[in-house]
Asker: 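Take a look at the following structure, please.
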Amino acid sequence: MTYDRSAGLVETRRALAAGEVTSRALVERALARIEATQATLNAFRIVRAEAALAEADAADREPAAGTRRPLLGVPVAVKDDMDVAGEPTAFGCAGAFRAAAEDGEAVRRLRAAGAVIVGKTNTCELGQWPFTEGPAFGDTRNPWHTGHTPGGSSGGSAAAVAAGLVPAALGSDGAGSVRIPAAWTGLIGIKPQRGRISTWPRGESFQGITVNGTLARTVADAALLLDAASGNHARDPHRPPALTVADAVGRDPGRLRIALSLKPPFTTVRTRPHPEIRARVTELAEELARLGHDVEEADPPYGQIGLTFVPRATVGIAEWVRDAPDPALLDRRTRDAARLGRLLDGAPLRAARRAEAVLHRRIGRFFASYDLVLAPTTAAPPPRIGALYRLGGLATDRAMIAACPYAWPWNVLGWPGVNVPAGFVGDGLPVGAQLLGPAHSEPLLVSVAAQLEAELRWHERWPPEPARTTRAA
């Protein structure tokens with residue numbers, strides 16, 4: 001195999017299994033590309049060069065012993081809110097964090113599948129914002145336009161995959177943090193059903209609104225990584241029925257009833273989609289209709305769902321802040337959010353948690369009329385670096401809600417969603433659309449995403465090669 005950045009997870013796995021390339025060669029090339037682009041893109045917080053090469057050598061020895069594992073020797077990355085044994089889990093924060101004693105469950109399962117973890121990717125402080133910037137690590141930049149953010153909070157994972165540094169990566173999604181950066185970097189981003197990929201050692205990350213998910217260039221790659229990482233720790237509180245999502249790639253979904261939802265859920269900030277984003281998402285709806293689906297405009301009955309989100313999000317921030325080695329080093333916006341979380345950690349949190357069952361019933365009835373929802377992933381294209389980071393607390397919240405009002409309700413529900421590329425706006429900035437479904441609907445969403453991908457071929461478009469500051473890969 002002639003390796004270049006276009007080799008995705010499925011192709012890399014095939015080439016390794018066929019003996020066309022070694023894991024060491026792939027990891028060396030991934031490390032070289034990371035090194036060459038770190039000053040430009042700044043996708044990684046930690047690069048495990050020595051450890052990853054040793055793991056690659058071990059993977060190269062396994063086939064001789066008859067070992068076959070689904071991701072044996074494949075280099076991948078994980079977001080820096082996931083524990084990797086021997087590495088700190090700083091989650092975008094400054095301070096001297098202790099090294100994790102053992103892998104988190106998602107990372108353990110990736111290793112069990114044979115994957116080589118080349119590093120941990122950058123994320124904004126405690127994953128709160130749709131940008132990946134901060135004093136602890138600098139600015140992570142969008143490979144399509146380095147003056148713009150790749151989004152957040154899984155912005156490092158998105159930048160790494162979009163630039164071809166790794167074929168796929170894990171991120172986490174508590175209010176769109178996989179889907180938003182996937183939209184803004186032209187990727188597939190799968191936010192699975194709550195519990196599909198374990199968040200252990202935190203059984204409920206951010207009071208259950210945050211899940212781990214996958215970012216990749218193709219639907220097949222994202223589904224393959226999802227299947228490899230899926231599964232539960234024995235003490236996980238959420239244990240959905242097992243699914244093999246990759247089997248749905250290429251499967252005919254049949255004729256579906258699809259709701260095109262362009263109206264944002266109610267928030268305290270008036271917002272509407274950018275006209276070009278509205279046009280791109282409408283074009284996707286027209287493509288789905290050409291594929292034989294019944295598409296009509298309809299909005300899920302969200303109601304006052306936002307009232308259930310804030311207590312869970314802020315209590316979750318307070319829980320992470322308690323574990324920070326030096327909370328005084330945290331952003332003032334983080335400390336303010338944690339203070340609010342401590343106030344809401346009681347009756348307001350219990351009420352928010354109880355409301356989820358009511359929302360499941362009300363919004364679940366919508367899926368008696370429709371099989372899935374197509375909605376914008378964001379209302380705005382990726383902002384310029386620094387546009388949101390330099391704002392104060394209230395101004396950040398207002399700007400964030402205005403730019404990203406669509407993704408977070410599915411975190412409250414715990415149901416799956418998939419970002420698909422929707423094209424470009426303005427000066428070539430990527431934007432995306434969400435396919436949203438009811439509980440355990442990942443196979444249906446993946447089959448529709450793959451159907452669109454086969455027609456639109458979005459994975460064949462690449463950002464320009466990022467500027468290299470060291471030796472070439």
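Since this is a predicted model, take the numbers as computed values, not measurements. No hydrogens, no waters, no symmetry mates; every other heavy atom, side chains included, goes into these values.
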Asker: Identify the two heavy atoms, one from Thr210 and one from Gly174, that lie closest to each other, and give their separation to 0.1 Å.
Answerer: OG1-CA, 3.2 Å

Asker: Determine the minimum heavy-atom distance between Val161 and Leu215, stating which atoms define it.
Answerer: CG2-O, 3.8 Å

Asker: Just so I know, are the side chains of Asn419 and Val178 near enough to count as touching, which here means a heavy-atom distance under 4.5 Å?
Answerer: no

Asker: Where do Glu28 and Arg24 land on the salt bridge (Lys or Arg N to Asp or Glu O under 4.0 Å) test, with the steps shown first?
Answerer: CA-CA 6 Å; Glu28 284 178 341; Arg24 185 177 184 91; 3.0 Å; yes

Asker: Are the side chains of Leu372 and Leu436 in contact, using a 4.5 Å heavy-atom criterion?
Answerer: no

Asker: Looking at Arg235 and Glu105, is there a salt bridge between them, counting it only when a charged N and a carboxylate O are closer than 4.0 Å?
Answerer: no

Asker: I need the full list of salt bridge (charged side-chain N to carboxylate O under 4.0 Å, His left out) pairs touching residues 393-409, with sequence neighbours left out, sorted by first then second residue.
Answerer: none

Asker: By side-chain hydrogen bond (donor to acceptor under 3.5 Å, both in side chains), which residues pair with Glu50, not counting sequence neighbours?
Answerer: none

Asker: Are any non-hydrogen side-chain atoms of Val219 and Val249 less than 4.5 angstrom apart?
Answerer: yes

Asker: Which residues pass the side-chain hydrogen bond (donor to acceptor under 3.5 Å, both in side chains) test with Ser441, not counting sequence neighbours?
Answerer: none

Asker: Does Leu330 offer a backbone N or O that forms a donor-acceptor pair with the side chain of Thr334 under 3.5 Å?
Answerer: no

Asker: Report yes if the side chains of Ile190 and Pro416 come closer than 4.5 Å at any heavy-atom pair, otherwise no.
Answerer: no

Asker: Among pairs that include at least one residue of residues 209-223, which meet salt bridge (charged side-chain N to carboxylate O under 4.0 Å, His left out), considering only residues two or more places apart or in two chains?
Answerer: none

Asker: Checking the side chain of Asp331 only, and the main-chain atoms of Glu125 only, is there a donor and an acceptor separated by less than 3.5 Å?
Answerer: no

Asker: What side-chain donor-acceptor pairs closer than 3.5 Å can you find for residues 345-352, not counting sequence neighbours?
Answerer:
none

Asker: For a quick test of reading the model, state the closest non-hydrogen atom pair linking Ser153 to Ser172 and the distance between them.
Answerer: OG-O, 4.5 Å

Asker: Please name the pair of heavy atoms, one in Gly8 and one in Pro167, separated by the smallest distance, quoted to 0.1 Å.
Answerer: C-CB, 3.7 Å

Asker: Please collect all ring pair (Phe, Tyr, Trp, His ring centres under 6.0 Å) contacts where either partner lies in residues 80-109, sequence neighbours excluded, each pair once.
Answerer: Phe91-Trp320

Asker: More than 12 heavy atoms of other residues, nucleotides or ligands under 6.0 Å from CD of Glu283: yes or no?
Answerer: yes

Asker: Strictly distance-based, threshold 3.5 Å: is any side-chain N or O of Arg333 a donor or acceptor partner for the main-chain N or O of Tyr389?
Answerer: yes

Asker: Does Arg278 reach the main-chain N or O of Ala379 with its side chain, forming a donor-acceptor pair under 3.5 Å?
Answerer: no

Asker: Among all residues two or more places apart in sequence or in another chain, which pass the side chain to side chain contact (heavy atoms under 4.5 Å, CB included) test with Pro376?
Answerer: Leu262, Ile277, Val281, Tyr406

Asker: Carefully, step by step, assess Arg108 and Glu102 under the rule salt bridge (Lys or Arg N to Asp or Glu O under 4.0 Å).
Answerer: CA-CA 9 Å; Arg108 188 193 71 78; Glu102 58 186 17; over 6 Å; no

Asker: Quick one: do the Gln434 and Arg179 side chains pair a donor with an acceptor below 3.5 Å?
Answerer: yes

Asker: Applying salt bridge (Lys or Arg N to Asp or Glu O under 4.0 Å), name anything that partners Asp139, two or more places apart in sequence or on another chain.
Answerer: Arg141

Asker: Would you compute the distance between atom CZ of Arg335 and atom CD1 of Ile317 and round it to the nearest 0.5 angstrom?
Answerer: 13.5 Å

Asker: Check whether Thr123 reaches the backbone of Asp80 with its side chain - one donor and one acceptor, N or O, closer than 3.5 Å.
Answerer: no

Asker: With distance as the sole test, does Trp410 use its side chain to make a donor-acceptor pair with the main-chain N or O of Gly437 at under 3.5 Å?
Answerer: yes

Asker: Main chain of Gly104, side chain of Asp83: is a donor-acceptor contact present, judged purely on distance under 3.5 Å?
Answerer: no

Asker: Using side-chain hydrogen bond (donor to acceptor under 3.5 Å, both in side chains), reason through Thr132 and Asn122 one step at a time and then give a plain yes or no.
Answerer: CA-CA 7 Å; Thr132 302; Asn122 276 324; over 6 Å; no

Asker: Under the 3.5 angstrom rule, does the side chain of Arg48 hit a backbone N or O of Ile117 as a donor-acceptor pair?
Answerer: yes

Asker: Just list the side-chain donor-acceptor pairs under 3.5 Å for residues 423-430, sequence neighbours left out, or say none.
Answerer:
none

Asker: Among residues two or more places apart or on two chains, list those pairs meeting ring pair (Phe, Tyr, Trp, His ring centres under 6.0 Å) that have a residue in residues 100-130.
Answerer: Trp129-Phe131

Asker: Thr140 and Gly155: which non-hydrogen atoms are nearest, and at how many Å?
Answerer: CG2-O, 4.0 Å

Asker: I'd like to check Val420 versus Leu456 (side-chain heavy atoms, cut-off strictly below 4.5 Å). Are they in contact?
Answerer: no

Asker: Is it true that a side-chain atom of Thr37 and a backbone atom of Thr40 form a donor plus acceptor pair closer than 3.5 Å?
Answerer: no

Asker: If you take all heavy atoms of Leu126 and Val321, which pair is closest and at what distance?
Answerer: CD1-CG2, 3.7 Å

Asker: To the closest 0.5 Å, what do you measure between CG (Asp323) and SG (Cys93)?
Answerer: 10.5 Å

Asker: List the steps and the verdict of side-chain hydrogen bond (donor to acceptor under 3.5 Å, both in side chains) for Lys79 and Ser177.
Answerer: CA-CA 11 Å; Lys79 183 177 177 179; Ser177 287; 4.7 Å; no

Asker: Taking salt bridge (charged side-chain N to carboxylate O under 4.0 Å, His left out) as the cut-off, I'd like each qualifying pair that reaches into residues 402-426, sequence neighbours left out, listed once.
Answerer: none

Asker: Using the rule given for salt bridge (Lys or Arg N to Asp or Glu O under 4.0 Å), can you reason through Arg353 versus Glu204, listing the C-alpha separation, both sets of side-chain angles and the distance that settles it, and then say yes or no?
Answerer: CA-CA 12 Å; Arg353 296 300 302 259; Glu204 282 202 316; 2.8 Å; yes

Asker: Verify side-chain contact (heavy atoms from CB on, under 4.5 Å) between Tyr302 and Lys263, making sure each step is shown before the conclusion.
Answerer: CA-CA 11 Å; Tyr302 290 118; Lys263 181 182 178 181; over 6 Å; no

Asker: What side-chain hydrogen bond (donor to acceptor under 3.5 Å, both in side chains) pairs are there with at least one residue in residues 185-198, not counting sequence neighbours?
Answerer: Arg194-Glu356, Arg196-Glu442, Ser198-Asp236

Asker: Does a donor on one side chain and an acceptor on the other come within less than 3.5 Å for Ser157 and Thr121?
Answerer: yes

Asker: Just by distance, do the side chain of Thr308 and the backbone of Ile305 share a donor-acceptor pair under 3.5 Å?
Answerer: yes

